[in-house]
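Remember, it's a predicted structure, so these values are computed and weren't measured experimentally.
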Amino acid sequence: MGSMKINKSESSVSKVQSNEIAPNTLFINIEDDSLKDNPLILVFYQFSIGGIIPLSPLRAKFFLNSGDVIKWFYMTTKEIIYVNKIKVDYKEHRIKFPTNKIIEADFFEGVIFEFEKEKHRDKLISLLESAYYTFEKEHRYLF
């Protein structure tokens, strides 16, 4: 799972559930009744030079809405982004991982990811667990 070590409580780690539904395909959902029926936005990002030369490993962050994404992106990069929403059924459409996309989906219902290598599977699960743990810490007032 890489060298990233995060001290997580068992309850936080167990909220991100993953099931391999086919070779190289994971169904991932979050089990958290406190936010049920609230789609979350997941941003995969990597700091780079000119979008070509990576300066950091791939990271992930959850947000409550697109306004939070735009504000965070501006505060992080001092650049303005436009979030173009395209409605996709993520139970039918599979997200290829690794990716650097912004995904708004109901993670409580579930999302399907495809990957080519086993190390990508482990990285995806680790990123989502860390991202949701951080999200919970930042939004304690919701829980």
Side-chain angles (χ1 to χ4, degrees), residues 1-32 34-35 38-143:
M1 282 223 208
S3 62
M4 183 169 59
K5 301 276 188 210
I6 292 183
N7 184 16
K8 301 180 197 103
S9 69
E10 280 301 311
S11 63
S12 178
V13 172
S14 65
K15 289 181 182 177
V16 176
Q17 304 294 314
S18 64
N19 296 307
E20 196 152 333
I21 58 173
N24 299 332
T25 306
L26 280 179
F27 176 80
I28 294 181
N29 67 305
I30 297 172
E31 291 186 4
D32 190 342
S34 61
L35 285 175
N38 288 308
L40 293 177
I41 297 176
L42 174 63
V43 176
F44 288 105
Y45 64 99
Q46 186 172 33
F47 296 111
S48 62
I49 297 174
I52 300 170
I53 303 168
L55 297 175
S56 74
L58 187 63
R59 297 176 182 167
K61 187 168 179 64
F62 280 106
F63 295 90
L64 287 172
N65 59 56
S66 57
D68 290 344
V69 173
I70 293 167
K71 180 180 176 183
W72 170 81
F73 190 83
Y74 180 76
M75 298 302 286
T76 305
T77 66
K78 300 299 183 223
E79 294 180 14
I80 297 172
I81 62 168
Y82 172 75
V83 178
N84 184 13
K85 291 186 179 185
I86 300 172
K87 200 82 160 151
V88 175
D89 181 354
Y90 287 107
K91 285 188 177 177
E92 297 295 323
H93 177 79
R94 297 166 185 216
I95 302 165
K96 295 194 184 305
F97 183 83
T99 183
N100 61 351
K101 305 255 186 245
I102 298 173
I103 302 161
E104 181 175 3
D106 190 341
F107 284 88
F108 305 103
E109 289 293 320
V111 177
I112 298 174
F113 287 91
E114 284 184 336
F115 51 92
E116 290 183 18
K117 301 176 183 172
E118 191 67 22
K119 70 178 186 176
H120 293 153
R121 176 192 178 279
D122 296 341
K123 179 69 173 175
L124 172 62
I125 293 168
S126 177
L127 281 171
L128 294 178
E129 286 177 346
S130 297
Y132 198 70
Y133 174 75
T134 302
F135 177 81
E136 281 183 310
K137 283 186 2 183
E138 292 173 351
H139 296 88
R140 284 182 208 185
Y141 61 91
L142 295 174
F143 298 98

Test side-chain contact (heavy atoms from CB on, under 4.5 Å) on D32 and E136 and set out the steps. CA-CA 10 Å; D32 190 342; E136 281 183 310; 3.9 Å; yes

Should V43 and W72 be marked as a side-chain contact (heavy atoms from CB on, under 4.5 Å) after you check the CA-CA gap, both sets of side-chain angles, and the distance that decides it? CA-CA 11 Å; V43 176; W72 170 81; 4.2 Å; yes

All heavy atoms of A60 vs all of A131, minimum pair found to be O-CB, 3.5 Å

When every non-hydrogen atom of L58 is compared with those of P98, the smallest separation belongs to CD2-CB, 4.0 Å

If we ignore hydrogens and angles and just use 3.5 Å, is the side chain of S130 paired with the main-chain N or O of S126 as donor and acceptor? yes

Would you give the length of the straight line joining atom CZ of F108 to atom NZ of K15, rounded to the nearest 0.5 angstrom? 9.0 Å

Would you compute the distance between atom CD1 of I102 and atom CG of L42 and round it to the nearest 0.5 angstrom? 10.0 Å

Please report the shortest heavy-atom distance between R59 and L127, naming the atom on each side. CA-CD2, 3.7 Å

Output for pair (E20 CD, I28 CD1), nearest 0.5 Å, gives 10.5 Å

Is the number of heavy atoms from other residues, nucleotides or ligands under 6.0 Å of Q46 CD greater than 12? yes

Closest approach of V111 and I95, non-hydrogen atoms and distance? CG1-CD1, 3.4 Å

In Å, rounded to the nearest 0.5 Å, how long is the span from CD1 of I41 to CZ of F62? 11.0 Å

Report the C-alpha separation of V16 and F107 in whole Å, then their side-chain angles, then the decisive distance to 0.1 Å, and conclude whether the side-chain contact (heavy atoms from CB on, under 4.5 Å) test is met. CA-CA 9 Å; V16 176; F107 284 88; over 6 Å; no

Name the orientation class of the two ring planes belonging to H120 and F97 (parallel below 30°, tilted from 30 to 60°, perpendicular beyond 60°). perpendicular

Kindly give the heavy-atom pair with the smallest separation between F27 and E109, and that separation in Å. CZ-O, 3.2 Å

Mark yes or no for whether N19, through its side chain, and I21, through its backbone, hold a donor-acceptor pair below 3.5 Å. no

Interatomic distance, CG@L124 vs CG@L26, rounded to 0.5 Å, equals 6.0 Å

CZ of F113 to OG1 of T25, rounded to nearest 0.5 Å, is 12.0 Å

